[in-house]
Amino acid sequence: QVQLVESGGGLVQAGGSLRLSCAASGRTFSRNAMGWFCQAPGKEREFVVAISGSGNLKNYADSVKGRFTISRDNAKNTVYLQMNSLKPEDTAVYYCAAGRYSGISTNPSEYNDWGQGTQVTVSS
């Protein structure tokens, strides 16, 4: 099992930036893909981006391509989400998740450990 703690959320104006961090502890971090998902009020949890265990492969949702960047530092057991050019529709709780395997997936069921979430609010 992996314990995940997100940080870095907050309130920002449209066009601004935030950097989310997810610190992991537990089983070997570098063996597993990591993902970020978001959930807005009244909506299903949605895939945002995932990164493979090695960090070589990344997959972004179309809605964030060119604006968000995922990275990981396996030496620090931390994954990051740099969010630029934020839009009001990006407002949601963002969750970090650890995958069952090293390969990336957009399917939440392929992730078995989740953080508590961090709120991102983008004002217009």
Study note, to complete from the structure: Between V122 and T91 the two heavy atoms that sit nearest each other are N-OG1, 2.9 Å
Review point. Roughly how far, to the nearest 0.5 Å, is OG1 of T69 from CZ of R19?
Key: 10.5 Å
Review point. Do you know the tightest heavy-atom contact between A24 and V2?
Key: CB-CG1, 3.8 Å
Exercise for review: Side-chain contact test, heavy atoms from C-beta onward, threshold under 4.5 Å: evaluate it for F68 versus V49 and give yes or no.
Suggested key: no
Revision key, fill the gap. Separation between CD1 (I70) and OH (Y60), nearest 0.5 Å, reads 6.5 Å
Point to revise | Student check: side-chain heavy atoms of L11 and Q119 closer than 4.5 Å | key: no
Review point. Roughly how far, to the nearest 0.5 Å, is CG of L81 from CE of M34?
Key: 11.5 Å
Practice item. Could you list who else is in W114's hydrophobic cluster, with ILVMFWY side chains joined at under 4.5 Å, directly or through other members? Key: F37, F47, V93, Y95, Y111
Practice item. Determine whether R67 and D90 make a side-chain contact, defined as any pair of heavy atoms from C-beta on separated by less than 4.5 Å. Key: yes
Revision key, fill the gap. Here the pair of heavy atoms bringing A14 nearest to P88 is CB-CD, 4.1 Å
Check your understanding: If you group Ile, Leu, Val, Met, Phe, Trp and Tyr by side-chain heavy-atom gaps below 4.5 Å, do L20 and Y80 land in one group?
Key -> no
Review point. So how far is it from E89 CD to S124 OG, rounded to the nearest 0.5 Å?
Key: 10.0 Å
Exercise for review: Please answer whether the main-chain N or O of A33 pairs with a side-chain N or O of R72 as donor and acceptor at a distance below 3.5 Å.
Suggested key: no
Revision key, fill the gap. Contacts of Q116 meeting side-chain contact (heavy atoms from CB on, under 4.5 Å) (sequence neighbours excluded), chain-then-number -> V5, E6
Revision key, fill the gap. Value for CG (N59) from NZ (K65), rounded to nearest 0.5 Å, stands at 7.0 Å
Study note, to complete from the structure: When rounded to the nearest 0.5 Å, the distance separating NZ of K43 from SG of C38 is 8.5 Å
Exercise for review: Taking the side chain as every heavy atom from C-beta outward, state whether N32 and D113 have any pair of such atoms under 4.5 Å apart.
Suggested key: no
Without placing hydrogens or testing angles, list every side-chain donor-acceptor pair under 3.5 Å for residues 99-109, not counting sequence neighbours.
| unit_1 | atom_1 | unit_2 | atom_2 | d |
| --- | --- | --- | --- | --- |
| R100 | NE | S109 | O | 3.0 |
| R100 | NH2 | S109 | O | 3.3 |
| S105 | OG | N107 | N | 3.0 |
| N107 | OD1 | S109 | N | 3.0 |
| N107 | OD1 | S109 | OG | 2.9 |
| N107 | ND2 | S109 | OG | 3.1 |

Check your understanding: Which atom names give the shortest non-hydrogen contact between C96 and L4, and what distance separates them?
Key -> O-CD1, 3.6 Å
Study note, to complete from the structure: Closest non-hydrogen atoms of S30 and N74, given as atom of the first, atom of the second and distance, are CB-ND2, 3.3 Å
